[in-house]
Amino acid sequence: MSDVQQRIDQLVKGSEVLLFMKGTASFPMCGFSGRAVQILKACGVDPKQLATVNVLEDDEIRQGIKEYSNWPTIPQLYVKGEFIGGSDIMMEMYQSGELQQVLGTQA
Ligand SMILES: N[C@@H](CCC(=O)N[C@@H](CS)C(=O)NCC(=O)O)C(=O)O
Ligand code: FES
């Protein structure tokens, strides 16, 4: 594994809920990333429990995460070390209740 792939691996394994995004949860720099944060909030994820990586601050991670996940775009959600998807998939899973189940936030 390359250095950046190893760094990503450590990030992914180091936080239960990890969102690779553009900007931060407080200041998303793209509508897709903002939507991903909103969906997680709607699922009841405590903002303090939400770890984010701002790919705009690290071009190696911005490119490397696409390879790591085999997914071409940002945002990317990981839960318990597993790749879940981008914002479209998150929205579909939220609407079906599956995302809340994966996150363990369902009533
Ligand atoms: N349909 C995508 C929308 C995300 C998307 O298209 N992201 C683009 C624009 S922000 C992207 O990451 N492009 C590659 C890049 O900016 O590195 C989703 O479900 O998340
Ligand atoms: S930064 Fe332009 S669409 Fe995301």
Side-chain angles (χ1 to χ4, degrees):
M1 233 191 271
S2 72
D3 278 4
V4 65
Q5 295 295 310
Q6 241 158 24
R7 266 171 72 210
I8 290 171
D9 203 49
Q10 278 168 3
L11 285 169
V12 161
K13 288 174 180 159
S15 298
E16 281 230 346
V17 183
L18 180 63
L19 185 68
F20 291 86
M21 64 178 290
K22 293 185 179 180
T24 63
S26 315
F27 291 99
M29 298 296 284
C30 169
F32 296 117
S33 287
R35 197 161 69 120
V37 171
Q38 288 309 317
I39 294 166
L40 290 172
K41 283 186 183 161
C43 284
V45 172
D46 180 345
K48 280 178 239 135
Q49 302 291 105
L50 172 61
T52 60
V53 174
N54 181 2
V55 304
L56 295 179
E57 287 182 344
D58 193 323
D59 204 53
E60 272 191 356
I61 286 185
R62 179 176 179 173
Q63 302 313 329
I65 190 62
K66 295 166 188 162
E67 210 178 296
Y68 185 86
S69 320
N70 201 16
W71 187 260
T73 53
I74 314 296
Q76 297 195 14
L77 177 66
Y78 277 83
V79 179
K80 299 184 181 87
E82 282 209 41
F83 178 57
I84 307 300
S87 61
D88 290 343
I89 287 175
M90 287 173 68
M91 183 55 91
E92 279 168 31
M93 288 176 72
Y94 168 61
Q95 283 168 345
S96 72
E98 206 187 329
L99 188 57
Q100 294 88 322
Q101 226 156 32
V102 169
L103 290 162
T105 56
Q106 80 276 27

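First listed ligand is number 1; within each ligand, the first listed atom is number 1.
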List the closest protein heavy-atom neighbour of atom 10 (S) of ligand 1: residue, atom name, distance to the nearest 0.1 Å. Lys22 NZ, 3.0 Å

Side-chain (Ser33) to main-chain (Lys22) donor-acceptor, under 3.5 angstrom: yes

Please indicate whether Asp59 has more than 12 foreign heavy atoms, meaning atoms of other residues, nucleotides or ligands, lying under 6.0 Å from its CG. yes

Show me which atoms of ligand 2 lie under 4.0 Å from any heavy atom of Phe32. 3 (S)

Can you tell me the protein heavy atom closest to atom 4 (C) of ligand 1 and the distance? Ile74 O, 3.3 Å

Looking at ligand 1, does any of its N/O atoms fall within less than 3.5 Å of an N/O of Pro75? no

Count I, L, V, M, F, W, Y as connected when their side-chain heavy atoms are under 4.5 Å apart, and connections chain through other members. Are Phe32 and Val53 then in the same cluster? no

Taking distance alone, with no angle check, do Arg62 and ligand 1 share an N/O pair under 3.5 Å? yes

Would you say Met91 touches ligand 1, if touching means a heavy atom closer than 4.0 Å? no

Do Phe27 and Val37 have side chains that get closer than 4.5 Å, going by heavy atoms? no

Gly23 to Leu56 - nearest heavy-atom pair and separation: N-CD1, 4.0 Å

To check your reading of the model: name the closest protein heavy atom to atom 2 (Fe) of ligand 2, its residue, and the distance in Å. Cys30 SG, 4.4 Å

Ligand 1 atoms in contact with Gly86 (distance to a heavy atom under 4.0 Å): 19 (O), 20 (O)

If you have a sec, work out which protein heavy atom is nearest atom 14 (C) of ligand 1 and how many Å separate them, to one decimal? Lys66 NZ, 3.7 Å

Does a side-chain heavy-atom distance below 4.5 Å link Leu99 with Leu77? yes

Among all protein heavy atoms in this structure, tell me which lies nearest to atom 19 (O) of ligand 1, with the distance rounded to 0.1 Å. Asp88 N, 2.9 Å

Using a plain distance cutoff, I'd like to know if Thr73 has any nitrogen or oxygen under 3.5 Å from a nitrogen or oxygen of ligand 1. no

Does the N or O separation between Ser87 and ligand 1 drop below 3.5 Å for any pair? yes

Any idea which atoms of ligand 1 are less than 4.0 Å away from a heavy-atom of Cys30? 10 (S)

Ring-plane angle category for Phe83 and Tyr78, please: parallel below 30°, perpendicular beyond 60°, tilted otherwise. tilted

Do Leu40 and Met90 have side chains that approach each other closer than 4.5 Å (heavy atoms only, starting at C-beta)? yes

Could you report the tightest heavy-atom contact between Gln101 and Gln106, atom names first, then the distance? CA-OE1, 3.6 Å

